[in-house]
Amino acid sequence: MKLILLGAPGAGKGTVAKLLTAIDGSVQISTGDILRAAVKDGTDLGKEAQGYMTRGELVPDALIMGIMGERLLEDDCKPGFLLDGFPRTIPQAEELKVLLAKLGIELDGAVNLNVPRDVILDRLTTRRTCEDCGEIYNVKSNPPKVEGVCDKCGGNVVQRADETEEAISKRLDVFKEQTAPLVGFYTGENMLIDINATSSDVVVADIKSALGI
Ligand code: AP5
Ligand code: MG
């Protein structure tokens with residue numbers, strides 16, 4: 001499948017993407033994960049992105065389009081991809097549209113994960129992430145078997161650098177101002193798939209049913 005995953009911070013984009021990859025081998029492409037890896041490795045991209053990310057602001061569109069323009073050309077994208085956290089501004093959505101048309105790729109839809117604000121705040125304060133492989137946990141609903149240790153790779157399971165109260169509040173404001181307008185954009189493109197993503201059990205089933213798979 002070829003999908004965009006839209007949703008506020010903590011809506012479950014990363015969690016749902018990982019579950020969907022297991023269905024047909026489509027690859028998860030998370031701009032947040034790519035940037036966090038670059039920060040961890042201390043690359044030029046990481047050095048440029050780090051300040052924006054820690055403050056909860058968006059990284060400039062040009063930097064993101066540079067990354068995605070190359071990433072979508074890679075062979076593992078051919079069978080399918082799940083775009084997690086991209087696009088998240090109208091200019092990114094417009095540039096993606098041009099890029100996909102050039103590559104002759106048609107998307108199956110843009111899935112909008114709807115979750116109320118109180119649930120989001122709870123999820124973001126209780127989320128933990130493996131700093132090595134990016135596996136997502138939750139201290140309440142899905143803790144690692146051994147506290148602080150990733151079940152999958154044995155890496156350290158930690159809170160992200162953008163999980164301070166200040167950064168979370170900034171990320172939610174940025175989402176409302178810059179990313180929420182994408183719902184209107186993809187409605188206009190006749191691609192929007194609205195999903196109630198509050199409950200843990202039905203999200204993937206609802207997406208599959210909306211796609212007819
Ligand atoms: P990014 O990494 O994309 O962060 P985000 O959008 O803030 O989203 P999150 O990763 O916080 O949440 P999520 O929706 O993936 O939720 P998750 O599955 O973890 O971006 C980080 C930063 O990078 C940005 O602030 C920006 O600086 C930069 N950036 C990235 N992309 C960019 C772009 N395109 N342009 C510009 N800048 C960009 O779930 C959250 C928690 O809830 C977990 O604990 C999980 O276990 C739990 N959970 C999930 N689903 C459920 C469920 N259904 N029921 C119960 N619990 C659930
Ligand atoms: Mg994520």
Side-chain angles (χ1 to χ4, degrees), residues 4-21 28-40 45-46 48-69 71-72 82-93 95-96 111-116 118-131 134-144 151 157-164 166-180 182 195-207:
I4 291 169
L5 296 171
L6 295 173
K13 301 179 295 294
T15 302
V16 166
K18 287 186 200 314
L19 295 170
L20 292 175
T21 58
Q28 173 192 9
I29 305 179
S30 158
T31 39
D33 285 353
I34 293 170
L35 293 169
R36 276 184 289 278
V39 169
K40 190 162 179 261
L45 169 66
E48 199 166 347
Q50 187 166 25
Y52 295 103
M53 295 176 77
T54 312
R55 290 191 297 274
E57 296 167 8
L58 292 183
V59 169
D61 288 338
L63 215 55
I64 296 290
M65 291 315 304
I67 297 171
M68 290 306 293
R71 184 65 187 89
L72 284 167
L82 304 152
L83 301 182
D84 159 9
F86 170 83
R88 62 210 265 165
T89 62
I90 294 283
Q92 287 181 21
E95 281 196 54
L96 175 65
V111 173
N112 183 32
L113 300 173
N114 284 298
V115 180
D118 55 329
V119 178
I120 293 225
L121 287 174
D122 183 53
R123 283 186 187 175
L124 287 175
T125 46
T126 54
R127 174 177 54 197
R128 300 291 182 273
T129 309
C130 175
E131 61 181 0
E135 189 69 6
I136 300 164
Y137 297 95
N138 191 285
V139 291
K140 284 191 192 164
S141 59
N142 176 32
D151 295 347
V157 173
V158 296
Q159 277 197 285
R160 278 176 19 189
D162 61 356
E163 268 162 348
T164 60
E166 208 181 343
I168 288 174
S169 155
K170 179 73 184 171
R171 280 159 61 208
L172 291 172
D173 287 348
V174 165
F175 172 77
K176 207 168 149 194
E177 284 159 25
Q178 301 190 54
T179 308
L182 294 186
I195 296 287
N196 178 343
T198 311
S199 148
S200 48
D201 318 325
V202 296
V203 178
V204 168
D206 285 354
I207 294 171

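Treat the numbers as computed from the prediction; the structure is a model and nothing was measured. FYI, side chains are in, hydrogens and waters are out, and symmetry mates aren't considered; it's all heavy atoms of this structure. Just so you know, ligand 1 is whichever comes first in the structure, and atom 1 is the first atom listed for that ligand.
- The contact set between ligand 1 and Arg36, taken as ligand atoms under 4.0 Å from a residue heavy atom, comprises 2 (O), 21 (C).
- At least one heavy atom of Ala197 lies less than 4.0 angstrom from ligand 1.
- Proximity to Ile136 (heavy-atom distance under 4.0 Å) selects the following atoms of ligand 1: 18 (O), 19 (O), 43 (C), 45 (C), 46 (O).
- For Ser199, a nitrogen or oxygen atom sits less than 3.5 Å from a nitrogen or oxygen atom of ligand 1, counting backbone and side chain alike.
- Cation-pi check for Arg55 over Tyr52 is met; the charged atom lies under 6.0 angstrom from the ring centroid and within 45 degrees of its normal.
- Below 4.0 Å from some heavy atom of Thr15 lie the following atoms of ligand 1, by number and element: 17 (P), 18 (O), 39 (O), 45 (C), 49 (C).
- The ligand atoms of ligand 1 that sit less than 4.0 angstrom from a heavy atom of Ala8 are 14 (O).
- Here Pro87 has no heavy atoms under 4.0 Å from ligand 1, in either its backbone or its side chain.
- Within ligand 1, the atoms closer than 4.0 Å to a non-hydrogen atom of Glu57 are 25 (O), 26 (C), 27 (O), numbered from 1 in the order shown.
- Only the side chain of Arg171 comes within contact range of ligand 1, with a heavy atom under 4.0 Å; no backbone atom does.
- If you number the atoms of ligand 1 from 1 as listed, the ones under 4.0 Å from a heavy atom of Thr31 come out as 30 (C), 31 (N), 32 (C), 34 (N).
- Checked against Ile29 for a side chain to side chain contact (heavy atoms under 4.5 Å, CB included), the options Ile34, Asp84, Ile67 give a single hit: Ile34.
- For ligand 1 and Pro9, the ligand atoms under 4.0 Å from any heavy atom of the residue are 5 (P), 7 (O), 8 (O), 12 (O).
- Taking a cut-off of under 4.0 Å to the non-hydrogen atoms of Leu35, the atoms of ligand 1 that pass are 23 (O), 28 (C), 29 (N), 30 (C).
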Legend entry - Worked check of salt bridge (Lys or Arg N to Asp or Glu O under 4.0 Å) between Arg36 and Asp33: CA-CA 5 Å; Arg36 276 184 289 278; Asp33 285 353; 2.9 Å; yes
